[in-house]
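Each remark here refers to the structure printed beneath this line.
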Amino acid sequence: MTATTLLFRDDAYATSCDARVLGITPEGGVILDRTVFYAQGGGQPGDVGALVKADGDRIEITNTVYAADRSQVAHLVGTEAASRLAEGDTVTLQLDWPRRLKRMRVHTALHLLSVVLPYPVTGGSIGDGDGRLDFDIQDAGLDKAAITDQLNALVARDAPVTERWITDEELDANPGLVKTMSVKPPRGSGRVRLVEIEGIDLQPCGGTHVRRTAEIGTVVITDIEKKGKQNRRVRLSLAD
């Protein structure tokens, strides 16, 4: 079985690519040999956009998910639209870039939030311009304005955001890199992707991020909710 090459892992700013159809799923998903579309996972939604056939037929992609064995990526178009494609067809993918960029900005901001609030992370979610992390914190006393100020101070440092890979064994030897309690780092291939915000943060992550923190723009902590005895949900939004 041919695996889907995940182009977004090497270049999160790639907005289109040509690809070959490997197969069609019963749910109306188009499996391609390569993609710039992020597949849903780790709290980040799957990308949306369009698939354009060689004859110009444009098909909307409503979500992107991993196939059952996670080696291939399915672009969901619906059964009717999928029936207009066949194995071996060459198509062009066109990403909904404005939506993806918002998610990249939010995702990178959430990494910074995990630095401002250095507590175990029990959950998280990324939206189109907003997001949240759940923290294992026994005492409340969190101040929205203070956290907002600290976050924006980190954003203003314009620190580079880079990725590199380490082996599963290296991660096992450095368990402190893992901040999330509920979502485990993407592994199974023998290596794990680390995302580094220079001088600020280093943690395993398979998602998409901006190249520098200043690209996040101004962020605001919009809400802090109590979710159980030792759980606090902290929500943030992009202000511009």
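- Ion pair Arg103/Asp128 flagged as a salt bridge, since at least one NZ, NE, NH1 or NH2 atom sits closer than 4.0 Å to an Asp/Glu carboxylate oxygen.
- For Ser83, the side-chain contact (heavy atoms from CB on, under 4.5 Å) criterion is met by no residue, not counting sequence neighbours.
- Listed for the Thr90 side chain is no donor-acceptor partner under 3.5 Å among the backbone atoms of Arg20.
- Checked against His75 for a side-chain hydrogen bond (donor to acceptor under 3.5 Å, both in side chains), the options Thr64, Thr35, Thr62 give a single hit: Thr35.
- Side chain of Tyr13 to main chain of Arg211: a donor-acceptor pair is present (N/O by atom type, distance under 3.5 Å, no hydrogens or angles).
- The backbone N or O of Ile221 sits less than 3.5 Å from a side-chain atom of Thr148, completing a donor-acceptor pair.
- Within 6.0 Å of CD on Glu225 lie more than 12 heavy atoms contributed by other residues, nucleotides or ligands.
- When the shell of 6.0 Å around NZ of Lys102 is examined, it contains 12 or fewer heavy atoms from other residues, nucleotides or ligands.
- A salt bridge is defined here as a Lys NZ or Arg NE, NH1 or NH2 lying under 4.0 Å from an Asp or Glu carboxylate O, and Arg84 with Asp57 meets this definition.
- Between the side chain of Asp47 and the backbone N or O of Tyr38, at least one donor-acceptor pair lies under 3.5 Å.
- Taking 4.5 Å as the limit, some side-chain heavy atom of Ile24 sits within range of a side-chain heavy atom of Val30.
- At a threshold of 4.5 Å between non-hydrogen side-chain atoms, the residues Asp130 and Thr222 do not count as touching.
- When hydrophobic residues (I, L, V, M, F, W, Y) are linked wherever their side-chain heavy atoms come within less than 4.5 Å, the members clustered with Leu76 are Val65.
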